[in-house]
Amino acid sequence: MIRFEEVSKAYLGGRQALQGVDFHLRPGEMAFLTGHSGAGKSTLLKLICGIERPSAGHIWFSGHDISRLKSSEVPFLRRQIGMIFQDHHLLMDRSVYDNVAIPLIIAGASGEDIRRRVSAALDKVGLLDKAKSYPIQLSGGEQQRVGIARAVVNKPAVLLADEPTGNLDDALSEDILRLFEEFNRVGVTVLMATHDQALIARRNYRLMRLNQGRLHGGQSGQ
Ligand code: ADP
Ligand code: ADP
């Protein structure tokens, strides 16, 4: 599903964020990406969804080499990926419904399709009754669930999450992780960056540990 071959990333004027990273994430796998702040976790996720380009090496997504994608090709890649951020990036002046509808509107879905799929996504995260609310009226955990509904509304093959529980307490973090597990159970490939050791210690998923841009452990899928 996702394959990195000797991938390095140096930011302009910055230092090397990733060095010689190799791994293969198989379709339907669920894995955690760990490491200290600055280890390169966000950079690795941004490379997968085309926000950044590698300085060296190759990245394969579903059989396509995406290492040197043209800007015009990025939207096609994005449509196959649901991205979840720590601070959820919700539009605060739009309703929950409208926030979740955004990816479908961008993809040019019909009105009927949008209604059906937004309702289905909100139902999956348990927020159907909050469709008309505004993000500001929701708790932190609920806001993150809106971010997840928006990420899955397009039925992407892959979910990438960057510290999705970073602002949440333990119980809410568990809820969010259980949601990811439900999506994984129906075949979605999940890669989640986190430094929450307690959260991942209770589970037995593949761990990919980044240390100063180098990947230790978890290079090959099981
Ligand atoms: P993490 O997500 O593990 O905290 P990042 O991928 O955000 O790590 O950062 C890895 C390294 O790359 C850090 O040294 C960081 O300062 C640097 N970096 C990240 N983004 C940029 C950028 N846009 N420009 C320059 N340097 C960056
Ligand atoms: P998946 O896990 O979705 O099956 P893979 O990463 O195994 O995807 O790759 C699927 C296809 O991508 C391969 O059959 C091949 O066509 C292409 N591919 C992947 N890695 C390479 C590579 N190193 N060189 C050439 N083609 C590759």
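Here the structure is a predicted model, which is why all the values come from computation and not from measurement. Read the numbers this way: they start at 1 and go in the same order the structure lists the ligands and their atoms.
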Quiz item: Who's touching ligand 1 if we go heavy atoms under 4.0 Å?
Solution: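 For ligand 1, the residues that come within the 4.0 Å heavy-atom cutoff are Y11, R15, A17, H36, S37, G38, A39, G40, K41, S42, T43.
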
Practice problem: Report the residues that fulfil side-chain contact (heavy atoms from CB on, under 4.5 Å) with L172, sequence neighbours left out, ordered by chain and then residue number. | Solution: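 Here the qualifying residues are L168, D169, D175.
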
Can a salt bridge be assigned to the pair [X] and [Y] using a cut-off of 4.0 Å between side-chain N and carboxylate O?
| X | Y | value |
| --- | --- | --- |
| E142 | R145 | no |
| K124 | E182 | no |
| E174 | R178 | yes |
| R78 | E73 | no |

Practice problem: Could you point out which residue of H36, E163, K41 forms a side-chain hydrogen bond (donor to acceptor under 3.5 Å, both in side chains) with H195? | Solution: E163

